[in-house]
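First up is the structure itself, then whatever we jot down about it.
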Amino acid sequence: AQTVTQSQPEMSVQEAETVTLSCTYDTSESDYYLFWYKQPPSRQMILVIRQEAYKQQNATENRFSVNFQKAAKSFSLKISDSQLGDAAMYFCAYRRWQGAQKLVFGQGTRLTINP
Amino acid sequence: EAQVTQNPRYLITVTGKKLTVTCSQNMNHEYMSWYRQDPGLGLRQIYYSMNVEVTDKGDVPEGYKVSRKEKRNFPLILESPSPNQTSLYFCASSSAETGANVLTFGAGSRLTVL
């Protein structure tokens, strides 16, 4: 079974600086998807970024980018120019390429932005 | 507005008292699923449905039931709730075209079982 591990329960960063959230996963499959979700205090789940495993190029969405290391099974999220609105719980998630319509989530990392 | 609506948003109940958390989507999505979120565990899938009358177990189905009689609705039933079912519950839907790559989540239902 696939597992996703986020080893940083909490992180903090100064406003306008850069922070990187770590995620590792375990799978025997070669094709899959990886995601980062944001959960602000409102509890709403918001998709931040998605990466297809077959793509070598790292996905980016404005201030959010990933460092995808397939061989190391690592998928970190970098947030540049951190803003107060970035404060949230962040979840890393894995999905198989085909088959079950399920996301396997990590434990989450709570990000605090210091003004 | 395209959305997934869950009710109730908050509920406190007692052990053994049957309850239903409703979930409705207005996007004509084929796929619907339930997740529970617990501290230190992230979100885990309880049940999912690929279409009307098609449901299957996720990773933590014990103590839960679901049904999909209509495409838009996917209620989660706790026949005899226990304290270990105290959790934050999310319903999610997606189209057959995108699958779980583009999930629309409900706002969550906070359930406390005493």
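The shortest side-chain heavy-atom distance between A:Lys102 and B:Ser33 does not fall under the 4.5 Å cut-off.
Going from atom CD of A:Glu52 over to atom CZ of A:Phe68 covers 10.0 Å, rounded to the nearest 0.5 Å.
Look at B:Lys71 and B:Glu30 and you find a salt bridge, because one of the NZ, NE, NH1 or NH2 atoms lies within 4.0 Å of a carboxylate O, short of that distance. Between A:Asp31 and A:Arg96, none of the side-chain N atoms (NZ, or NE/NH1/NH2) sits under 4.0 Å from a carboxylate O, so this pair counts as no salt bridge. Taking a cutoff of 4.0 Å between a charged side-chain nitrogen and a carboxylate oxygen, B:Glu53 and B:Lys69 do not qualify as a salt bridge.
The closest donor-acceptor contact from the side chain of B:Ser94 to the backbone of B:Gly99 lies under 3.5 Å.
Taking the six-membered ring for Trp and thresholds of 30 and 60 degrees, A:Trp36 and A:Phe75 have nearly parallel ring planes, at less than 30 degrees apart.
No hydrogens or angles considered: nothing links the side chains of A:Gln8 and A:Tyr90 as a donor-acceptor pair under 3.5 Å.
Heavy atoms of B:Ser49 lying under 4.5 Å from chain A are absent altogether. For chain B, no part of A:Gln6 is nearby; none of its heavy atoms comes within less than 4.5 Å.
Residues of residues 101-114 of chain B placed with any heavy atom under 4.5 Å of a heavy atom in chain A are listed by number as B:Asn101, B:Val102, B:Leu103, B:Phe105, B:Gly106, B:Ala107, B:Gly108, B:Ser109, B:Arg110.
Counting heavy-atom pairs closer than 4.5 Å to chain B, the top-ranked of the candidates A:Leu47, A:Leu103, A:Val104 is A:Leu103. By number of non-hydrogen pairs under 4.5 angstrom with chain B, the leading residue of A:Arg43, A:Arg50, A:Gln44 is A:Arg43. Most heavy-atom pairs under 4.5 Å with chain A, from the set B:Asp56, B:Asp59, B:Leu41: that is B:Asp59.
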